[in-house]
Structures are given as structure tokens and as C-alpha cells.
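See below for the structure under consideration.
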Protein chains: 2
Amino acid sequence: MTVTLADVAARAQVSPATVSRVLNGNYPVAASTRERVLKAVDELDYVLNGPASALAAATSDLVGILVNDIADPFFGIMASAIQAEIGGPGGRAGGERLAVVCNTGGSPERELTYLTLLQRQRAAAVVLTGGAIEDAAHQAAMDAKVRKLVEAGTRVVLCGRPPAPETGAIALTFDNRGGGQELTEHLIGLGHRRLGYIGGPEERTTTRHRLEGHRAALAAHGIEEDPRWTVHGRYDRRSGYEATLELLRRDPSLTAIVAANDSVALGACAALRDSGLRIPEDVSVAGFDDLPFSIDAVPSLTTVRLPLAEAGARAGRIAMGREEAPPGGIASVRGELMVRGSSGVPRSS
Amino acid sequence: MTVTLADVAARAQVSPATVSRVLNGNYPVAASTRERVLKAVDELDYVLNGPASALAAATSDLVGILVNDIADPFFGIMASAIQAEIGGPGGRAGGERLAVVCNTGGSPERELTYLTLLQRQRAAAVVLTGGAIEDAAHQAAMDAKVRKLVEAGTRVVLCGRPPAPETGAIALTFDNRGGGQELTEHLIGLGHRRLGYIGGPEERTTTRHRLEGHRAALAAHGIEEDPRWTVHGRYDRRSGYEATLELLRRDPSLTAIVAANDSVALGACAALRDSGLRIPEDVSVAGFDDLPFSIDAVPSLTTVRLPLAEAGARAGRIAMGREEAPPGGIASVRGELMVRGSSGVPRSS
DNA sequence: AGCGTTGCAGCAAGCGCTTTCTATATGCGA
DNA sequence: TCGCATATAGAAAGCGCTTGCTGCAACGCT
């Protein structure tokens with residue numbers, strides 16, 4: 001049998017109520033009593049029953065973090081930063097919280113189910129990271145769920161995800177559009193006029209925004225885009241490799257390739273090399289995110305740095321109520337263009 | 001007010017007990033009744049109260065996954081595989097389980113605290129991933145905790161971590177020693193006699209085992225090791241960069257560098273390049289793990305592939321009781337040597 | 001000296017669910 | 001026709017904790 005509060009109370013010769021108060025430290029208890037209780041707790045090796053506590057107090061110390069792909073450092077870095085602020089163990093004083101990282105795999109159903117599971121656990125807060133799925137029905141369902149969570153007292157923060165108006169969720173959005181535009185403008189500035197674009201999955205906000213930025217840059221410079229220059233794929237290296245071969249097949253005269261993110265860009269680099277093309281002499285390549293490995297690529301990757309860790313930390317603090325929400329509940333986080341070796345002047349110029 | 005079981009019962013004109021039984025599906029309920037209940041659940045948008053349920057049933061649907069660094073794909077890949085098997089949402093039929101990924105950051109206290117937190121939540125299972133910390137006191141504390149968890153009915157699986165005898169935990173261990181030995185033997189076979197080694201943090205089992213393998217290979221070939229050839233650091237790129245500069249300073253005649261893992265190896269490559277050395281013509285480099293980006297390095301990295309996803313999946317299945325534990329509760333998982341471009345014959349030969 | 005404070009501790013009522021045991025139908029064989 | 005097995009639903013007793021309220025000293029004030 002496991003040790004209960006009552007056992008501790010008996011051993012310390014106090015009432016269960018007193019033990020509870022000592023443990024929660026939210027009610028005055030005489031020092032001598034407290035000591036006796038703590039001694040009993042220690043001797044009996046007592047561990048609080050979480051569910052019972054959550055039930056009685058109508059709150060839990062669980063905090064959920066939803067990520068699209070836990071194996072992707074993009075999410076790993078954010079999750080890590082969020083968790084550090086959530087304060088799991090090792091955090092500052094105050095209640096220990098259990099950060100729950102949930103891997104949706106980019107699946108709408110899973111996303112929704114995890115939210116329900118978290119709701120079921122009466123999570124204290126939930127942080128949703130990364131781009132949202134652009135499907136009207138799914139969005140509506142998500143918004144409804146989020147609204148319900150907020151109503152139930154769960155703090156919901158969106159980190160690197162577009163705002164969900166009217167839901168009560170706080171949003172820390174990445175300026176994917178602006179970053180995409182800046183990146184492409186950099187390439188145009190170098191003289192590129194024929195740019196291939198490898199986008200992520202079609203129905204993702206991140207994908208759309210980055211592509212919109214790219215197109216805005218083209219438009220701003222009067223470059224007419226050829227439909228053949230855009231290919232969509234997944235957010236991984238493999239996809240970048242294949243998409244690049246496809247782009248090369250469609251139009252071998254491209255002088256630059258802009259990728260949906262750094263992993264895709266790395267795949268693109270590999271494909272270009274395997275096709276006998278030099279980077280950046282023959283083709284320039286640009287990524288997005290500036291993940292740690294990007295600087296190690298040869299040549300190192302020109303990309304847009306997203307302050308993943310900073311944004312995650314801030315989201316974590318907001319989720320814990322340790323930082324005020326931005327005005328209007330929405331903040332846009334800008335990326336920073338990192339010009340490196342993978343981009344250069346086009347061969348023709 | 002939130003909707004409770006009783007509300008649903010009232011609406012469906014049945015007793016709370018019946019609603020519970022419909023929801024759990026572990027007791028015969030007439031089809032017509034079931035239907036009525038489900039309709040009420042749907043209409044009221046009822047969400048089960050997890051803590052209450054866990055309290056009453058004395059079980060929970062939480063499964064904990066402890067990782068050293070969630071931002072490191074090494075752990076991300078394992079966690080992802082484990083979670084997929086845990087079945088979270090999207091898994092096969094049967095109870096939905098919430099996989100909780102806990103980031104210890106390699107800190108002993110956090111590791112222990114998370115275990116307590118999971119114990120508090122009455123987790124159904126716990127998977128501990130990655131190398132353990134080699135500190136007698138900490139190990140003893142961990143073992144005691146694990147034993148307690150097991151006694152309380154929580155299934156504990158160690159994935160990529162050395163066995164903890166007498167605790168009742170199932171272990172899926174990586175053969176780090178064998179992999180390290182094979183790797184170094186490959187380099188020796190190419191003709192290298194002066195090999196630098198960049199190890200991970202000193203007090204980690206993974207670090208020690210890989211280094212032991214390395215030394216075993218040297219010894220087997222009668223190569224006497226110079227103490228200056230070994231440097232310890234963290235498991236990240238930065239550390240590899242710095243350690244390499246240090247090694248070069250200590251002995252510029254090294255013809256090969258073996259790194260604690262792929263990230264470190266990438267840092268080593270960068271340092272070598274920045275020092276004007278070619279890979280592998282001047283210095284060969286080898287990593288460990290074979291993470292996805294390793295093949296993209298230029299030249300691609302010679303390394304030892306660890307079946308991270310497979311091992312994680314197996315650990316997940318064992319944790320869920322869907323696969324039998326290996327005989328003796330211990331299984332060793334071997335790595336596979338991947339010979340690629342970063343290793344070649346030494347310049348002197 | 002009388003009485004309102006103040007400081008601590010205990011009582012007991014739940015929190016919302018699960019589950020054992022009991023009650024009521026229904027069906028069947030004898 | 002009666003009795004008993006079978007199927008289904010309900011009553012109620014908790015699960016282990018939190019917390020509002022009450023109780024009771026010891027204290028200080030007028």
C-alpha cells in the first residue's frame with residue numbers, strides 16, 4: 001500500500017489538513033509543527049497523490065507544449081526554452097510543474113486530441129508551437145477548443161503561430177512574411193532574376209507566409225514569376241533534395257533556390273552538388289530558421305534567423321503568468337537575415 | 001461550471017455509473033442506452049475529468065519520457081519513436097495516453113525531480129533515454145526511485161542507457177563500447193596512428209563507454225596513447241570546435257579526430273577548416289550516432305549509426321506491455337559503422 | 001478584570017469519478 | 001406455473017486530497 005496524507009498525519013500527530021497545509025505552504029503553520037510533519041514525510045517517503053490533489057484543488061501542475069515534430073530541432077529548441085521557463089524541476093521556487101511535450105506529427109486529428117487530453121488533465125497552461133494547419137473546419141475546431149480551454153482557466157499561448165482572434169489565446173507570431181521578403185530581396189539585390197522556391201506543405205500558415213514574402217519581393221522588383229519555379233514538399237532534407245532535382249529539370253537556368261527552411265535548403269545543396277553545380281557560383285541557396293547546423297554547411301547557409309529560444313522563453317513566461325501579455329495579446333517576432341556563403345552573385349552577371 | 005458525469009447522466013436519463021461504463025467500455029451496456037449516453041456526451045460537449053478518473057481508478061494514462069536534451073535530435077528522434085508507440089492520439093484503438101517528454105538538461109536533480117513528479121502523477125510507464133550520470137550517490141538515488149516506481153506498478157524502460165540491475169527496469173542498451181571500438185579500428189585500418197579524441201562530459205556512461213571502445217581498439221593494435229590526445233567537452237558543436245583547436249595546439253601531427261558524437265564532429269570539421277586543414281586529406285574525422293544532418297556535411301561524416309528510432313519504438317512497445325521484455329530484462333543494441341567521406345588514409349602514409 | 005484579536009489546528013464536506021454490490025427484468029427449463 | 005440463471009442498471013461507498021469554517025488558547029487592549 002502506498003503512503004497517504006493520513007499516514008503522515010498520524011505519524012506526525014496532526015490532522016491531515018495540517019499536513020496538506022505544510023506541503024502547500026499556503027497557510028500559517030507553527031514552525032515546530034511544520035518540522036514534525038516534514039520529518040514524518042521524509043521518514044515515510046511520502047509522495048503526494050497528484051490526481052487526488054488536482055481533483056480537490058481543481059487545478060493541476062501540468063503544462064502542455066504542442067509541437068509538430070519533436071525530432072526537428074526547430075521545435076526542440078522552442079520546447080526546450082519553454083520548458084526551462086515553465087520551471088519544471090530546477091526552476092525557481094514555487095510549484096513544480098510538469099511540462100508535457102506532445103508531438104502532433106503535423107496531424108490535425110492528433111492536434112485536437114492532444115488538446116482534449118490536456119483539457120481532460122485540466123492543464124494549467126498550453127503552448128502551441130509552429131505553423132497552423134490551414135483548413136477551415138480544423139481551424140474552427142481548434143479555435144473552439146482553445147476558447148474552451150481559456151474559459152476553463154487554462155492559459156493558452158501560441159508561439160510561432162498566427163493569432164487566433166476571439167479565442168483568448170496570446171500569440172507570439174514569427175514574421176515569416178517579412179523574413180521571406182527580406183531573404184528574397186537579398187538575392188535580388190545580388191542580381192538574381194530567376195529564383196526557384198521550395199515551399200513546405202501547402203496547407204500550412206508558415207508555408208504560405210514565407211512564400212507570400214518571397215512573392216512580394218519579386219513583385220516589388222518587377223520580376224514576373226514563372227509558375228514552374230515553385231515546388232511544394234515536406235519540411236525535411238529529403239524533400240529539398242527531390243524538389244531541387246525537379247526544379248532543375250523544369251528550368252535549368254535558375255540561379256538561386258530559396259527553401260522553406262534550413263533542412264530543405266541542405267537537401268537542395270546536396271542535390272545541386274550531385275548535379276555537378278557549385279554553390280554559390282552556379283546556384284545560390286537560402287534557407288530559413290538558422291538552425292545550429294546551418295552554419296556548418298559548406299558553404300554555410302544564408303538564412304533568416306528566428307529567435308526560437310527567446311520566443312519560447314517568452315511564451316513560457318507568459319504561460320506561467322510571469323510576464324505580461326503583449327498589448328492586444330499579439331506580438332510579432334522578427335527574424336534577422338544572416339548572409340553567409342551559400343548566396344552570391346549569379347553566374348550570368 | 002464545467003459539465004460533469006452527473007450532468008450527462010441526467011440528460012441521458014441514466015445513472016452516473018452507466019455513463020462511466022459507456023465511456024470506459026468495460027462493462028455490458030445495452031446498445032440503446034449506450035447510444036443515448038453518447039448523444040448526451042456529444043450534446044453537452046463533455047470532457048472527462050482526468051484527475052478524478054485517475055484518483056478513482058488508481059491509474060493514469062500518463063507515460064513519461066525523460067531526455068537529456070530535447071533540442072538535440074538524438075533525443076528528439078528517440079522520443080518521437082517512443083511517443084508514436086505509446087499511441088498518444090492517433091495510435092491504435094485502446095486508451096489514449098498522454099506522452100510526457102521531460103527535459104532534464106542533463107542535471108541530476110532534475111532527473112530525480114521529474115521522476116518524483118511522474119511518480120506523483122502515478123504514471124503508467126516511464127522511459128529513461130540516453131546515458132546515465134556516473135555519480136554513486138545519484139545512481140543510488142535513481143535506482144531507489146526506479147525501484148519504487150516499479151513497485152508501484154509503473155513500467156520502467158531504459159532506452160540507450162545502461163541497465164539498472166535489481167530495480168526491475170527493462171534495459172535496451174546501446175553498444176557504445178563496441179561502436180567506438182569499431183570506429184577507431186576503421187581509422188587504424190586506414191593507417192592512422194595518431195588519433196585525437198573528443199569525449200563528452202566526463203561523468204556520463206555514454207562518454208566513458210565510447211572512449212573505452214576507442215582505447216580498446218588502440219590497445220588491440222599496440223598503439224600507445226598520448227594523454228594529450230584526449231579532451232572532454234559537452235555534446236555540442238561548439239564544444240567540438242574548441243576541443244579541436246585545443247587538440248591541434250597540443251599536437252599538430254594528429255591525423256584523425258574521433259568525436260563523441262556527430263554534433264561534436266561537425267564542430268571539429270569547422271575548426272579544422274578554419275585552421276586551413278583539409279578533410280580527410282590532412283585530418284580524418286569521425287562522429288557517432290549518424291544523425292540526419294551527418295550525411296549532409298561536406299565531406300559527409302564517417303560515423304556509427306545507432307538505430308535510434310527502432311530502439312525507441314521497441315522501448316515504447318515494451319513500456320506499453322505490447323512487446324515482451326528481452327530475456328533477463330536486458331538487450332544490447334548494436335550500432336553500424338558508416339564509412340563516408342570524412343575518413344581517409346593519413347597524409348604521411 | 002473583561003473581551004475582542006490573533007494564531008494555529010482540526011472537522012468535515014466535498015472534488016468527479018470508478019466499482020462493488022444489489023435490484024430489477026427478462027428468458028428459460030422443468 | 002415456478003424458480004433460477006442471465007443481462008442490465010442503479011445505489012453508494014470510497015479514492016486521497018483541499019479548504020471553509022469552527023474551536024480554542026494565549027494575548028493585548030481599554
Side-chain angles (χ1 to χ4, degrees), chain A residues 1-38 40-41 44-62 95-96 117 119-124 152-153, chain B residues 1-38 40-41 44-62 95-96 117 119-124 152-153:
Chain A
M1 208 35 227
T2 44
V3 183
T4 70
L5 236 209
D7 298 330
V8 176
R11 174 152 199 140
Q13 310 200 62
V14 295
S15 72
T18 301
V19 177
S20 169
R21 299 205 256 245
V22 167
L23 262 27
N24 290 298
N26 51 10
Y27 193 87
V29 173
S32 64
T33 314
R34 181 200 320 287
E35 211 167 304
R36 209 145 28 90
V37 169
L38 291 178
V41 165
L44 293 179
D45 216 356
Y46 170 68
V47 175
L48 185 72
N49 182 316
S53 167
L55 172 58
T59 62
S60 109
D61 47 9
L62 242 56
E96 269 154 1
L117 240 34
Q119 182 184 7
R120 174 178 299 186
Q121 299 296 335
R122 306 300 188 250
Chain B
M1 207 34 226
T2 45
V3 182
T4 70
L5 238 208
D7 298 330
V8 176
R11 173 151 200 142
Q13 309 202 64
V14 295
S15 73
T18 302
V19 177
S20 169
R21 299 206 258 246
V22 167
L23 261 28
N24 290 298
N26 51 9
Y27 193 88
V29 172
S32 64
T33 313
R34 180 201 321 287
E35 211 167 304
R36 207 144 30 90
V37 169
L38 291 178
V41 165
L44 294 178
D45 217 354
Y46 170 70
V47 175
L48 185 71
N49 182 316
S53 167
L55 172 59
T59 61
S60 109
D61 48 8
L62 243 56
E96 268 153 4
L117 239 34
Q119 181 183 8
R120 176 177 297 185
Q121 300 296 335
R122 306 300 188 251

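Throughout, protein chains are lettered first and strands after them, A, B, ... in sequence-line order, and every chain is numbered starting at 1. What you see is a predicted model, and the numbers here were worked out from it, not measured in a lab.
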Margin query: Protein within reach of the bases, or only the backbone? For nucleotides 8-14 of chain D, mark each nucleotide 5' to 3' as B, S or -, using heavy atoms under 4.0 Å.
Written below: SBBB--B
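Under the rule for a salt bridge (Lys or Arg N to Asp or Glu O under 4.0 Å), A:Arg21 has no partner lying at least two apart in sequence or in another chain. With sequence neighbours excluded, no residue satisfies salt bridge (Lys or Arg N to Asp or Glu O under 4.0 Å) with A:Arg36.
Once rounded to the nearest 0.5 Å, the distance linking CG of A:Leu48 with OG of A:Ser20 reads 8.0 Å. Annotation: the span from B:Arg120 atom CZ to B:Leu62 atom CG amounts to 13.0 Å, rounded to 0.5 Å.
In this structure, the CG atom of B:Leu48 is 16 Å from the P atom of C:dC15, given to the nearest Å. In this structure, CG of B:Asn24 is placed 9 Å from C1' of C:dC17, rounded to the nearest angstrom. When rounded to the nearest whole Å, the span between CG of A:Leu5 and P of D:dG16 equals 10 Å. Distance CG (B:Asp61) to P (C:dT18): 11 Å, rounded to an integer number of Å. Between A:Leu23 atom CG and D:dT19 atom C1' the separation is 15 Å, expressed in whole Å.
Screening residues 46-59 of chain B for side-chain hydrogen bond (donor to acceptor under 3.5 Å, both in side chains) gives no qualifying pairs among residues at least two apart or on separate chains. Every pair tested for salt bridge (charged side-chain N to carboxylate O under 4.0 Å, His left out) that includes a residue from residues 51-60 of chain B fails, sequence neighbours excluded, so the list is empty.
Counting any heavy atom pair closer than 4.0 Å across all strands shown, A:Asn26 reaches sugar-phosphate atoms only and no base atom.
Between B:Ser53 and C:dT18 there is a side-chain N or O to OP1 or OP2 distance below 4.0 Å. The side chain of B:Asn49 contributes no N or O atom lying less than 4.0 Å from OP1 or OP2 of C:dC15.
When side chains are defined from C-beta on, B:Arg122 does not count as touching B:Leu55, because their heavy atoms never get closer than 4.5 Å. Between A:Arg34 and A:Val14, every side-chain heavy-atom pair lies at or beyond the 4.5 Å cut-off.
You'll find that the side chain of A:Leu55 is closest to D:dG16, out of D:dC17, D:dG16, C:dC17.
Just one residue in the list B:Leu23, B:Leu44, B:Leu38 forms a side chain to side chain contact (heavy atoms under 4.5 Å, CB included) with B:Val8, and that residue is B:Leu44.
With the end axes of the helix from C:dA1-D:dT30 to C:dA30-D:dT1 each set by five pairs, the angle from one to the other reads 50° at 10° resolution.
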